[in-house]
Amino acid sequence: MNKSKALGPDIQNLYTYSELPIGATAVGLPEGRETGLWRYMRPTIEEKIPPCQEACPAGNWIQRFVDATASGNLDEAWRALKLENPFPGVCGRVCYHPCEESCIRKEFDVSTFIHLIERSLADSFFNERLTPPIIRKKQDKKTAVVGSGPAGLACAYFLRVLGYEVTIFEARNELGGIPQTGIPAYRLPKEILNKEIGDIIALGIEVRKGCRIGKDMDFSELFTYDAIFLATGAHQTPPVNIPGVTNEGVYQGMDFLARYNMESSIDVGERVLVIGGGNVAIDVSRTLIRLGIQPTLLYRRTRSEMPAHSEEIDDALAEGARFQYLLSPFSIRKSEKTGLILECAKMKIQGVDPDGRPRAVPHEGKRVSFEADQVILAIGEVPDFSYLPKEIDLIKDLLWVNEWGQTSVEKVFAGGDMIDQPWNISEAIGSAKRAAIAMDHFLKGDDLQNLFRQGALAKTMREHLDLDLSPEPGHREVATFNDLNLSYVRSFSSQLSGKLPTVERICDFREVNSGLDLDAAIKEAGRCLSCGVCKMCGNCYLFCPDGAVQINPTTGRYAINYQYCKGCGICQNECPVGAITIEAEGAM
Amino acid sequence: MKEIKIFGRGGQGAVMASQILATAAFLQGYWAQTFPQYGAERRGAPVIAYVRLDNEPIPIRSKVYSPDVVIVMDFNLFKMVNPLADIRPDGMALLNYPDGSEPPRNLLEKMGRLLTVDASILAHEIYGKTAIPITNIVILGALCAALPDISLDSVLKALPDFLPGDKLKMNRKAAQMGFENLREVS
Amino acid sequence: MGTHKMLTGNYAAAYGAKLARVEVTPVYPITPQTHIMEKMAEFIENGELDAEFVSVESEHSALAVAIAAQATGARSFTATSAQGLLYMHENLFVASGLRLPIVMVLVNRALGAPNSIYPDLSDSLDQRDTGWIQVYVENAQEAHDMVVQAYRIAEDKRVLLPMAICFEGIIISHYMEPVEILDQEKVDNFLMPYLPEHVILDPDRPMSVGQIVMDDSYYMEYRYQQQEAMDRAKEVIQEVDEAFGQSFGRYYGGLLSTEMMEDAEVALLTLGSLASTARAVVNHLRNEDGISIGLVKLRMVRPFPDQELSELLSDTKVVVVLERDVSIGAGGIVYTELCRSLNGRNGPHLINYILGLGGRDVTFEDIKDIALLSCSERHTTTIDNPIRWYQVRGL
């Protein structure tokens, strides 16, 4: 029989009826039917940075540990958490969690309570022996860390993880810096802090307590180490321009907290004034409440300008602290009877300061005075640079470091409250991590300047150790609300963690905020939207009409087969986390 | 009988072009027949539409296997199919092809006449930037300049049935621009 | 004289329904039929047609609405294809059993699996036992004309049966070609309004329809009425074709039409769009090669023209049935029907070609090859392997 034109030469090489499988099943795509050639739009599995991770000064791998928690893989969650942060128990309590401020879930219902998940993990692993995520093989280099606050300890931890020998020099007899001396126990129980410090030291770090550089040991001796990290913080009282600050009964906030925290007793009268609006002022006030005293806090601006964390202010007010705003102290003198008299100028808000905050100016010379047994000035501290050699440059009142934490002396790096960055624990950890990574490159003889220019200088351990699972790392954008497909999300919010009843907080240093138990934390972790990060939900695989989404056997992650991808965009549309972008195909 | 094959990609309007062309021929008194080849209709997918013109009713209803005229609305189609595989040796091909590029003279060996029009650029000028250049009406205009059987006037007369209202003016312009910008490859 | 316009088969059918002034159009979409009901929606929306457009949730409901509407005396119209038609199956019996002259367009589409939007006549031929009149048309013009004729045939008091106009999806439904749209005034003269006397749901004149019958009462009698009506439909179909020809100038031949069948030794018998190509082949072979060949275009499958075919083919040596359908295990459906028609007669050799299933292209050359091969078999005494599958890869 003549061949029909319908079976013309171009499709002659199709299967015969007897070769076809039984049951009208597909036999793959004949040559020339690669639907990828139809594509006008090109979807790419291109993970984005979750805004929480972008916001975390410590560089925590938030999506990873939260996602692992949600799926009940607690060991993995713990490893991811510990990889980036040796202080999850501390940070879960005292970090002001900017991650939650930027959480996209906030725009849907309520932020995921990341700090509670972090804390719950730390608490549940409290009795576990620390297994660091990875300890690289021994590097033949010695490093020194000066100061054992969060920055110093964190840097020591990261350097140890990277395989270096580390010696910590601490001027005091206790490790821990501000969390040890300045943060009251009702916020941070000592056993939590000391457990985490202990875990760090247990990695095999040499500690020299009571060794103040410049006094007990000469700075030059540090140069016998291959690299040095300075993290001596800010503990010095700045000159205060108020007559009478030297009077008996006038304390500096940090000194007051340190004395109480380290000695557990302090003599105070009934009338105590606290000056300042930062976290130290609040810590002092709440410590006083726990000593049975109702303090009065005086602040030169108003509540909305107070730098203290808002939740802390609320707690202080709830516990009975009295706040008076728009008052600026200008003299302290001894009272004719007992105690002190503090004179304040009344202030008013007028215009803005160069830093953008509303400016407080004296209100037509009006004054007000207070009688007090003690006045505690919580108006900030400054770093002490007196022990530094002159080759190490300062800038203004701070230590100069470049983008990766290196000082003007090549082998000396620095972080924490000595350098120009917000002074808090997560910033301290972040700066320590950046410096540790840079020190690693430095100790290997890499050209740091060049690495930085190429964008190859990691800011997190996961990037530095190449543990990130992202299919196409490199320059990534931060995920936004609009990137997500929230059709797959059910609105629910967890039972918030409780607080100790206010009455029980008077004269009692028990922890105020209770955490989530592990089940609640796992449930809470399930609220994470995994913004911009594939969590292997399989929607793209399931919905692709061409079977063009496949799992790459080497990475175990989804990949798009462009031979068959038509660019229909369904995968991008159905991706709940916004890990797929789509853009016009370039010239074919 | 004249047989025409139009190759386009989903979204470019190949089927509409075939219907407008057939309608224009019908208005000139031809018996016309047009039909698309159906498949997985999607933006970007190759689309084929056929047109037959004759002076008497057309009894056959099969695909066109030896076209007298082949229109290629998107040169990228050559990467997916060979639109000229079955063109008659004396046939004519009209390609959407950039004016600035070296004309594909090698194709001329297979056929009688080879014509080009830079329809993508003209479409961008007329309709603005679109993901897929809407080249159908521009190409039809060019075809009228190439093919004595169909006049631009009858294409313009056929347009309102398919592109009424606001779209009409723009598409009249598109046909006119195509008509004026035909290039013959020699 | 009507107006001429380039139309697809689907649009041509929709224009026919508009000219018939249908009053209710229940709608459920399915490719390749959807354009018909889209066009109906457009006619109703822009005021060209005064009808109720009822959007329903399934084909089953579409026909249920048509049945209910027709039972109130409204002229109803719908269309479907393939799986949609099968979903209507039980209601097809209700429509014919209640003797409601509904007209429906069936755009033939292959039944899955495997899925295809291209044609296979099996979907409508499968429904030949449901009591519907079935006509198969070969192009857009015939589709247009037959929708108008269908109402006159179906509503004739001697018939009162529902009627389906069947044509191939894509190959007719989506081909655009010149169509004469009939003149409305002439259609109004040709087609009187539907004024039923048998089934009228009217609150002022209560009536029970489709009620239960007992084993010893009337089931057989009602069925025999349908059989009689179907038999009478043959003469009505011929009369309507004649009347249509007189009014509009086009005669289709009623039950069937022929080409060059006088003295033909070989007859190609086919239906639908294949008839066009086969006609061209027959003319070609007669004129160019002097071969004694003719064409029978089967139009009506129900009522099946048993008598007419047996008379027509009595002197033919070979009848080649070309069809785009199959009854798995028996052969082409039309072929098996023809065997029944010619039963017990010392008639022609019958050869069956099953071809074009799922829209597999059938060219002029294909039919010509088949015709020539069949001509060579006209002198054989027996036909080997009468049922032949054409264009199967590897066969």
Side-chain angles (χ1 to χ4, degrees), chain B residues 1 3-6 14-42 45 47-67 86 140 150 154-155 157-165, chain C residues 3-11 31-32 46 109-110 115-119 138-142 167-180 250 259 272-284 295 297 324 355-356 358-368 391:
Chain B
M1 183 160 62
E3 295 185 306
I4 302 169
K5 224 168 163 176
I6 303 178
V15 175
M16 188 187 279
S18 74
Q19 295 187 341
I20 295 171
L21 174 60
T23 304
F26 166 74
L27 293 173
Q28 283 183 220
Y30 286 103
W31 187 279
Q33 178 195 68
T34 180
F35 54 100
Q37 180 167 333
Y38 277 86
E41 278 75 72
R42 258 221 59 79
V47 171
I48 306 176
Y50 304 94
V51 181
R52 286 194 177 95
L53 310 177
D54 207 347
N55 293 316
E56 53 197 52
I58 298 167
I60 55 172
R61 285 178 181 267
S62 55
K63 293 171 197 166
V64 169
Y65 293 97
S66 304
D86 53 5
L140 273 187
I150 308 293
S154 42
V155 166
K157 271 191 200 142
L159 279 179
D161 265 5
F162 296 88
L163 296 158
Chain C
T3 52
H4 287 81
K5 208 171 161 63
M6 287 292 285
L7 291 180
T8 62
N10 277 340
Y11 279 10
T31 301
N46 66 20
R109 168 178 167 175
N115 265 311
S116 168
I117 57 166
Y118 276 86
E138 66 175 285
N139 56 33
Q141 184 69 62
E142 193 180 1
F167 57 79
E168 289 132 296
I170 313 298
I171 293 173
I172 292 175
S173 69
H174 286 57
Y175 269 52
M176 196 186 219
E177 55 195 331
V179 172
E180 184 207 349
R250 276 186 296 278
E259 185 85 11
S273 75
L274 294 177
S276 291
T277 314
R279 187 181 297 108
V281 169
V282 163
N283 283 320
H284 174 83
L295 169 75
K297 173 189 166 192
R324 201 191 283 279
L355 76 176
R360 179 69 52 85
D361 215 13
V362 180
T363 63
F364 180 91
E365 284 75 17
D366 289 329
I367 294 184
K368 189 176 150 194
Q391 291 177 339

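Hydrogens, waters and symmetry mates are skipped; everything else that's a heavy atom, side chains included, is used. To find a chain, count down the sequence lines: A is the first, B the second, and so on, and within it residues start at 1.
Residues C:Y11 and C:V179 fail the side-chain proximity criterion, which asks for heavy atoms closer than 4.5 Å. Inter-residue side-chain proximity for C:N115 and C:R109 is flagged as met; some heavy-atom pair is nearer than 4.5 Å. Side chains of C:T277 and C:V362 form no contact here, defined as non-hydrogen atoms less than 4.5 Å apart. Within the 4.5 Å cutoff, no side-chain heavy atoms of C:M176 are placed close to those of B:S18. Between B:L21 and B:L140, the closest side-chain pair of non-hydrogen atoms falls below 4.5 Å.
Residue contact with chain B, scored on non-hydrogen atoms closer than 4.5 Å, is absent for C:A275. Both the backbone and the side chain of C:I172 have a heavy atom closer than 4.5 Å to some heavy atom of chain B. Proximity to chain B is limited to the side chain of C:I170, based on heavy atoms less than 4.5 angstrom apart.
The CZ atom of C:R324 sits 4.5 Å away from the CG atom of C:L274 when rounded to the nearest 0.5 Å. Taking OG of C:S173 as the reference point, atom OH of C:Y118 lies at 9.5 Å (rounded to 0.5 Å). The structure places CZ of C:R279 at 11.0 Å from CD1 of C:I367, a figure rounded to the nearest 0.5 Å. B:D86 contributes atom CG, which lies 11.5 Å from atom NZ of B:K63 (distance to the nearest 0.5 angstrom). Expressed to the nearest 0.5 Å, how far CG of C:D361 lies from CD of C:Q391 amounts to 7.5 Å.
Of residues 48-59 of chain B, those residues with a non-hydrogen atom less than 4.5 Å from any non-hydrogen atom of chain C are, in numerical order, B:P59. Among the residues in residues 26-34 of chain B, those with a non-hydrogen atom closer than 4.5 angstrom to a non-hydrogen atom of chain C are B:F26, B:W31, B:A32, B:Q33, B:T34.
When the candidates C:M6, C:E177, C:H174 are compared by the number of heavy-atom contacts under 4.5 Å with chain B, C:M6 comes out ahead.
Ionic pairing of B:R61 and C:E168 is not present here: no N-O contact between side-chain nitrogen and carboxylate oxygen is shorter than 4.0 angstrom.
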